[in-house]
Amino acid sequence: MKYQTINLVKFKALQKRLGQPLYVVVGILESIWLFAQFQARDGDLSRFSSLELAGWVEWPGDEDEFLDALVETKWLDRDGGKLSIHDWMEHAPTWIKGIAAR
């Protein structure tokens with residue numbers, strides 16, 4: 001996680017929306033980003049269900065509300081039926097960018 005992420009307004013909004021402490025929200029975001037590195041290197045999460053995504057991060061609550069919170073606070077983008085990580089290729093690890101460039 002980039003060192004200033006926890007100071008972003010949208011980080012604090014997600015923390016408030018989920019009712020979770022800082023360390024949980026850090027873990028959620030890191031888990032989503034790791035999921036993308038393993039399963040969706042292009043940042044497109046559309047082929048996964050809300051149950052699968054929430055299960056990956058071990059979210060104990062309603063999986064649709066969980067994803068709605070991530071979309072509402074602009075960590076994920078929803079465009080019609082497409083769900084993707086916001087600005088993934090801008091913020092993805094360098095090795096992912098290298099693969100995408102090939």
Side-chain angles (χ1 to χ4, degrees):
M1 177 170 287
K2 294 181 180 180
Y3 74 98
Q4 288 294 331
T5 302
I6 63 171
N7 293 322
L8 295 173
V9 171
K10 70 181 194 175
F11 181 92
K12 296 300 182 184
L14 181 61
Q15 189 177 4
K16 176 75 172 165
R17 176 75 158 69
L18 295 177
Q20 297 296 320
L22 181 139
Y23 71 92
V24 172
V25 177
V26 166
I28 287 168
L29 293 174
E30 282 290 345
S31 294
I32 292 289
W33 297 330
L34 284 171
F35 181 86
Q37 290 177 49
F38 294 128
Q39 305 292 335
R41 291 185 178 163
D42 60 357
D44 184 357
L45 304 175
S46 301
R47 67 182 176 276
F48 303 98
S49 70
S50 54
L51 179 65
E52 291 169 326
L53 294 169
W56 175 267
V57 302
E58 300 181 2
W59 180 252
D62 181 271
E63 56 270 4
D64 292 320
E65 290 179 11
F66 172 69
L67 289 182
D68 288 345
L70 288 164
V71 170
E72 178 185 334
T73 55
K74 299 178 177 72
W75 294 101
L76 299 181
D77 295 326
R78 188 179 283 142
D79 184 19
K82 185 176 180 182
L83 182 69
S84 59
I85 298 176
H86 180 74
D87 288 343
W88 175 245
M89 291 315 291
E90 180 181 333
H91 300 292
T94 304
W95 68 271
I96 295 270
K97 293 175 186 176
I99 290 171
R102 284 190 226 153

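Nothing here was measured: the structure is a model prediction, and the numbers come from that model.
- Shown here are the side chain to side chain donor-acceptor pair (under 3.5 Å) partners of Arg41, two or more places apart in sequence or in another chain: there are none.
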Carefully, step by step, assess Leu70 and Phe66 under the rule side chain to side chain contact (heavy atoms under 4.5 Å, CB included). CA-CA 7 Å; Leu70 288 164; Phe66 172 69; 3.6 Å; yes
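- At a threshold of 4.5 Å between non-hydrogen side-chain atoms, the residues Ile96 and Pro93 count as touching.
- Atom CG of residue Leu14 and atom NZ of residue Lys12 lie 11.0 Å apart, to the nearest 0.5 angstrom.
- Contacts of Phe11 classified as ring-ring contact (aromatic ring centres under 6.0 Å, His included), with partners at least two apart in sequence or in another chain: none.
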Please table the atom pairs, donor to acceptor, closer than 3.5 Å between any side-chain atom in residues 71-78 and protein atoms at least two apart or in another chain.
residue, atom, partner, partner atom, Å
Glu72, OE1, Arg17, NE, 2.7
Glu72, OE1, Arg17, NH2, 3.1
Thr73, OG1, Ala69, O, 2.7
Trp75, NE1, Lys10, O, 3.3
Asp77, OD1, His86, ND1, 3.1
Asp77, OD2, His86, ND1, 3.1
Arg78, NH1, Asp68, OD1, 3.1
Arg78, NH2, Asp68, OD1, 3.4

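- Listed here is the closest heavy atom pair of Gly81 and Ser46: O-OG, 3.8 Å.
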Determine, stepwise, if the pair Gln15 / Ile28 fulfils side chain to side chain contact (heavy atoms under 4.5 Å, CB included). CA-CA 10 Å; Gln15 189 177 4; Ile28 287 168; over 6 Å; no
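- There is no side-chain donor-acceptor pair under 3.5 Å between Asp44 and Ser84.
- The side-chain heavy atoms of Phe35 and Leu53, taken from C-beta on, include a pair separated by under 4.5 Å.
- If you take CG on Asn7 and NZ on Lys2, they are separated by 14.5 Å, rounding to the nearest 0.5 Å.
- Contact between Ala54 and Glu63 at its shortest, heavy atoms only, is CB-CB, 3.4 Å.
- Across all non-hydrogen atoms, the minimal contact from Ala40 to Phe48 is CB-CE1, 4.1 Å.
- Heavy-atom neighbours of Gln4 CD from other residues, nucleotides or ligands within 6.0 Å: above the threshold of 12.
- A donor-acceptor pair under 3.5 Å links the side-chain atoms of Asp62 to the main chain of Glu65, judged by distance alone.
- Taking OG of Ser50 as the reference point, atom CG of Leu67 lies at 5.5 Å (rounded to 0.5 Å).
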